[in-house]
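Just so it is clear, the values below take in all heavy atoms, side chains as well, and ignore hydrogens, waters and symmetry mates. No experiment lies behind these values; they were computed from the predicted model shown. In what follows, chains carry the letters A, B, and so on, assigned in the order in which the sequence lines appear, proteins first and then strands, with residues in each chain numbered from 1.
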2 protein chains.
Amino acid sequence: MTDSATDARARLEQAGLEATPRRVAVLEALAALPHAPAAQELLDAVRRTTRMDKVTLYRTLDLLVEAGILQRHTGADGAFRHCMAPAGENAPHGHFQCTRCGVMTCLPPLPEALDAAALLPAGVTVEHVEVRLDGVCGRCRQG
Amino acid sequence: MTDSATDARARLEQAGLEATPRRVAVLEALAALPHAPAAQELLDAVRRTTRMDKVTLYRTLDLLVEAGILQRHTGADGAFRHCMAPAGENAPHGHFQCTRCGVMTCLPPLPEALDAAALLPAGVTVEHVEVRLDGVCGRCRQG
DNA sequence: TTGAAAATGCAACTCGGTTGCATTTGAGCC
DNA sequence: GGCTCAAATGCAACCGAGTTGCATTTTCAA
Ligand SMILES: [Mn+2]
Ligand SMILES: [Mn+2]
Ligand SMILES: [Zn+2]
Ligand SMILES: [Zn+2]
């Protein structure tokens with residue numbers, strides 16, 4: 001049993017969720033990827049070790065987002081990406097997405113400047129802040 | 001001929017695009033809406049005055065975004081929204097989207113704090129900044 | 001061991017958006 | 001006013017991400 005699997009189990013049980021093989025596999029695959037993958041890429045990664053239907057993946061992602069273990073972000077292409085929520089940390093972070101290869105990478109925590117709710121119309125409540133920088137990554141820019 | 005139609009024609013011709021009835025109708029409908037609609041809502045609005053196929057709308061939106069007349073933004077639900085790009089202004093603005101009714105509203109120009117490319121990995125080029133605040137709007141919050 | 005609840009798989013479906021191709025429109029020209 | 005040809009539009013079929021309903025399997029507690 002790898003320690004990443006142990007970590008995955010710990011986070012699941014800590015959230016009161018059953019540590020099933022697919023859920024552990026999803027968390028392990030996600031931890032092994034250096035970026036925030038789309039569902040299809042994550043499914044491919046999981047399937048290298050575990051048989052899983054795409055419906056199960058989508059249901060698992062819903063569950064993990066609901067439990068606060070994962071964060072869901074909107075890609076410039078309209079497809080969702082998921083990344084690990086830093087454990088015990090609640091500072092939101094933004095993402096960079098390459099318009100050529102589509103890879104989305106996590107950025108360090110945002111400056112507080114964004115919390116400036118001064119911009120907001122009156123009477124609204126903000127639950128989530130999404131910041132995405134779109135451009136060309138080093139590799140696609142012919143690095 | 002309303003002056004909003006005249007404005008629409010002006011912007012189209014200024015961009016070197018033919019001012020066809022559908023294009024003018026799309027720009028007029030968009031200018032009349034107080035927010036950044038999804039394609040279906042925009043199509044409904046246009047159809048109150050003009051017969052238009054959804055494919056024509058999507059092609060028109062592509063064209064207007066390409067010409068810099070419209071901006072395209074990703075909604076929290078994965079569907080795109082479009083809003084008028086302020087003429088002659090290039091400061092990016094963010095959006096607020098209500099998680100209950102789905103309405104997306106434009107916000108005033110962003111503070112410069114976001115341009116802090118200090119957060120970025122080396123070798124990347126940023127072309128577009130997308131900022132979206134998700135929460136509950138005044139009306140849905142039972143105003 | 002067994003029974004019920006939860007998790008998973010499979011097929012069919014929805015919805016936003018796209019593609020190919022036939023038809024119509026309209027600006028430039030006579 | 002009538003041609004001409006490219007651009008614009010409509011229609012049908014399609015695509016991919018994500019969802020729903022329901023049958024089957026797994027898990028865990030009694
Ligand atoms: Mn992230
Ligand atoms: Mn806007
Ligand atoms: Zn790239
Ligand atoms: Zn609302």
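Using a 4.0 Å heavy-atom criterion, one finds that B:A38 contacts no nucleic acid atom at all.
Side-chain heavy atoms closer than 4.5 Å link hydrophobic residues (I, L, V, M, F, W, Y) into clusters, and following such links, even through other members, never connects B:V126 to A:M104. Cluster annotation: A:F96 is not connected to A:F80 through the hydrophobic network of ILVMFWY side chains, with a link wherever side-chain heavy atoms come within less than 4.5 Å.
In this structure, B:L17 places its CG atom 16 Å from C1' of C:dG26, rounding to the nearest Å. Rounded to whole Å, the distance from CG on B:L42 to C1' on C:dG17 is 14 Å. Note: CG (B:L43) to P (C:dC15) measures 15 Å, nearest angstrom. Atom-to-atom, CD of B:Q40 to C1' of C:dT14 comes out at 13 Å; the value is rounded to the nearest Å. Atom pair A:H73:NE2 and D:dA17:C1' shows a separation of 18 Å (rounding to whole Å applied).
In summary, the side chains of B:H95 and B:R132 do not present any donor paired with an acceptor at a separation below 3.5 Å, with no hydrogens or angles considered. Side-chain contact check for A:T50 and A:R22: no donor-acceptor pair (N or O, by modelled atom type) lies under 3.5 Å. No hydrogens or angles considered: nothing links the side chains of A:H82 and A:Q71 as a donor-acceptor pair under 3.5 Å.
For the segment residues 47-68 of chain A, the set of residues with a heavy atom within less than 4.0 Å of an atom of DNA chain D comprises A:K54, A:V55, A:Y58, A:R59, in numerical order.
Here B:L63 is tied into one hydrophobic group with B:L12, B:L17, B:V24, B:V26, B:L27, B:L30, B:L33, B:L42, B:L43, B:V46, B:M52, B:L57, B:L61, B:L64, B:V65, B:I69, B:L70, B:M84, each link being a pair of ILVMFWY side chains closer than 4.5 Å.
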Worksheet, complete the sentence: Protein-proximity profile, nucleotides 24-30 of chain D, B/S/- by nucleotide at the 4.0 Å heavy-atom cutoff, equals ---S---
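Salt-bridge check for A:R72 with A:D62: passed, with a basic side-chain N closer than 4.0 Å to an acidic carboxylate O.
Around atom CD of B:E13, more than 12 heavy atoms belonging to other residues, nucleotides or ligands sit under 6.0 Å away.
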